[in-house]
Amino acid sequence: MTSPNARNIQSSLFRLLPSVDEIVTRLKNDGANGSSDAALADAVRKAIGVNRQLLLEQMNQESPNAEENASLSEQTLRDIVLNEAKQILTSNKQLGLKKVINATGIVLHTNLGRAPLSEAARVALDEVAQGYSNLEFDLNLGQRGKRGSDVESLLCQLTGAEAALVVNNNAAAVMFAIHTMAHSAEVIVSRGELVEIGGSFRIPDIMRQSGAKLVEVGTTNKTRIFDYRNAITQDTALLLKAHTSNYRIVGFTEEVSRDELSDLSRETNVPTLEDLGSGSLLQIDGLPHEPTAIESIQAGIDVVTFSGDKLLGGPQAGIVVGKALWVEKMKKHPLMRILRLDKLTLAALEATLRSYLDPDAAHNQIPTLQMLSTKQEKLKKQAESLMNLMGEHACSVLGAKVEETTGMVGGGAMPLAKLDSYAVTLSPKIFSAKSLETKLRNATPPVVARIHEDKVILDLRCIREEEINQLGAILNEFAK
Ligand SMILES: *Cc1c(COP(=O)(O)O)cnc(C)c1O
């Protein structure tokens, strides 16, 4: 593919790159103390690698100035590598896990930490983190108390359940519930609900790991109550309903409602478990209806599980609500100790749940609910204020425009719901969309954006007011 001429230009360009030793020496002369020789050399190798890649990209853009690039001053390139290495060394000293600006428009972005916490949750977490707490101490009786008891009573109050329990995440909750309710026995699941959540969480695998035997019934698109009924044997221990959170079967379909399943359960004495996935506690303005834990409990489902950091808008946790008979059995199980929550999560979860005691307060205080219901008009205004912050020069250099876009709920919730939004789109004149996206990821704070049709899309939905200022400053810097 590469023509001999291009190859020549390439190798002459690469010859301009400095040696590792040379830059390490310059770093030391510039007083790069505090880093070992190995760390210095490592940073320089990375810096050279980045610049080799940039040189290659420039060549491949078959720009008419390939020759011009070849004449890129050797001295400039050395300085660029040196500065890059310095930046790498600085960032090596920073925390690895850090805040980023989410410009993807995906509200519950699993890779970006799902739900941001409410102020109330952050204050509660901070207070408990600073010192001692009554984590397992009953202040009324002056003796050992139960971890998580406040969260459990709030959950009962909010869902109408007899009992509640919290564990590390919803994956753990599902597995733990199946293990407790159906170890060495059969579990009936519809073929339409054999969901894979992501990674290695697939219902059939979870079933095997929980020591239960999966009995599939119905077909991918249609399952009826008699399919469940016909599959019940002496070995059946559980009827499972799983939320098809990240996919939808559309067209000629039929699924068994939780009411029907519950009726069958009462008739046959086989208990029910429902994995809600996201499990919202209220209806969110402008979004499709999502089954709530309250509805499941009302329908008489024995055990219901959902995530703490999806639509609920709290910290990572797995929430279990349902009949005391089963929940108490789980609480006494030896696995409970492995799955229990730490004090920081409990503090944040309790504060999040307290907001739900008043649904209006929940909408106003919980960032996930706020972001999901932000009106498109408001997002347009925010996009315009980002443009204003950038100013004319930066807008022109970066090819900035305010455009309509669509985001997603994320976290495997409501896969078909499109969130109508506004974005500032960038099609820069001075570098490719891809390299702008890379620069954004490496900014302080890092900005995660997506590329669509060769433009960088900055969706405003998940960007907080104060972050708009930071983003404006970062973009101005790039346009210099
Ligand atoms: C997200 C999800 C899970 C896993 O929940 P985590 O809190 O991420 O562990 C399980 N089941 C369903 C249906 C889900 O949507």
Side-chain angles (χ1 to χ4, degrees), residues 106-117 121 151 155 164-179 181 187 189-210 212 214 223 238-249 255-256 258 261 272-281 284 287-293 295-296 301 303-322 330 335 338-342 345-346 348-349 352-353 368 372 408-417:
I106 301 171
V107 179
L108 296 170
H109 200 305
T110 298
N111 302 150
L112 303 183
R114 289 196 186 150
L117 295 180
V151 158
L155 281 167
L165 165 72
V166 282
V167 292
N168 181 55
N169 57 17
N170 187 34
V174 175
M175 189 160 163
F176 187 25
I178 296 174
H179 182 86
M181 301 173 87
V187 180
V189 191
S190 157
R191 288 198 172 87
E193 297 174 1
L194 293 175
V195 57
E196 168 174 326
I197 305 306
S200 53
F201 189 87
R202 292 169 150 191
I203 292 285
D205 298 337
I206 290 303
M207 206 66 80
R208 210 170 305 120
Q209 293 296 329
S210 324
L214 171 69
T223 304
L238 187 63
L239 307 173
L240 172 67
K241 188 163 180 59
H243 191 322
T244 60
S245 41
N246 50 10
Y247 69 100
R248 288 289 178 272
I249 298 174
E255 69 169 307
V256 170
R258 58 178 67 74
L261 208 57
T272 46
L273 167 65
E274 183 172 14
D275 171 18
L276 284 176
S278 225
S280 166
L281 288 180
I284 302 164
L287 284 186
H289 174 78
E290 179 74 5
T292 64
E295 289 164 7
S296 304
I301 300 289
V303 174
V304 180
T305 75
F306 56 101
S307 288
D309 57 353
K310 291 186 181 170
L311 287 175
L312 189 73
Q316 179 188 304
I319 295 170
V320 180
V321 289
M330 291 171 81
L335 269 177
I338 306 178
L339 300 171
R340 73 181 189 183
L341 286 184
D342 73 302
T345 308
L346 280 169
L349 186 58
T352 307
L353 291 170
T368 303
L372 284 170
M408 290 198 303
V409 176
M414 306 180 192
L416 302 185

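Start at 1 and go down the list; that is how both ligands and their atoms are numbered.
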Residue pair Leu273 / Leu239, side-chain heavy-atom distance below 4.5 Å:
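With C-beta onward as the side chain, the pair stays apart.
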Given 3.5 Å as the limit, does a donor-acceptor pair link the side chain of Thr305 with the main chain of Ile319, or not?
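No; zero donor-acceptor contacts below 3.5 Å.
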Taking N or O atoms only and a 3.5 Å limit, does [X] qualify as a polar contact for ligand 1?
X	answer
Ala317	no
Ser307	yes
Ser278	no

Have a look at ligand 1 and work out which part of Lys310, if any, has a heavy atom under 4.0 Å from it: side chain, backbone, both or neither.
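Only the side chain of Lys310 comes within reach of ligand 1.
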Tell me the contacting part of Arg114 for ligand 1: side chain, backbone, both, or neither, using a 4.0 Å heavy-atom threshold, strictly below.
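For Arg114, the contact with ligand 1 is made by the side chain alone.
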Check contact between Val174 and ligand 1, using heavy atoms of the residue and a distance below 4.0 angstrom.
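Per 4.0 Å heavy-atom rule, Val174 does not contact ligand 1.
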Numbering the atoms of ligand 1 from 1, which are under 4.0 Å from a heavy atom of [X]?
X	value
His243	13 (C)
Gly277	12 (C), 13 (C), 14 (C), 15 (O)
Ala171	4 (C), 5 (O), 6 (P), 9 (O)

Please determine, by modelled atom types, if His243 and Glu290 share a side-chain donor-acceptor pair under 3.5 angstrom.
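Note: His243 and Glu290 side chains meet the donor-acceptor criterion.
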Where do Gly313 and Leu117 come nearest, in terms of heavy atoms and distance?
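That closest heavy-atom pairing would be O-CD2, 4.4 Å.
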Can you see which heavy atom on Leu240 is nearest to which on Met207, and at what distance?
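Nearest pair, atom of Leu240 first, then Met207: CD2-CE, 3.8 Å.
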Mind checking what makes salt bridge (charged side-chain N to carboxylate O under 4.0 Å, His left out) contact with Asp342, not counting sequence neighbours?
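Asp342: no salt bridge (charged side-chain N to carboxylate O under 4.0 Å, His left out) contacts found.
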For Thr292, what residues pass the side chain to side chain contact (heavy atoms under 4.5 Å, CB included) criterion, not counting sequence neighbours?
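In terms of side chain to side chain contact (heavy atoms under 4.5 Å, CB included), with neighbours along the sequence ignored, Thr292 is linked to Ile294, Glu295.
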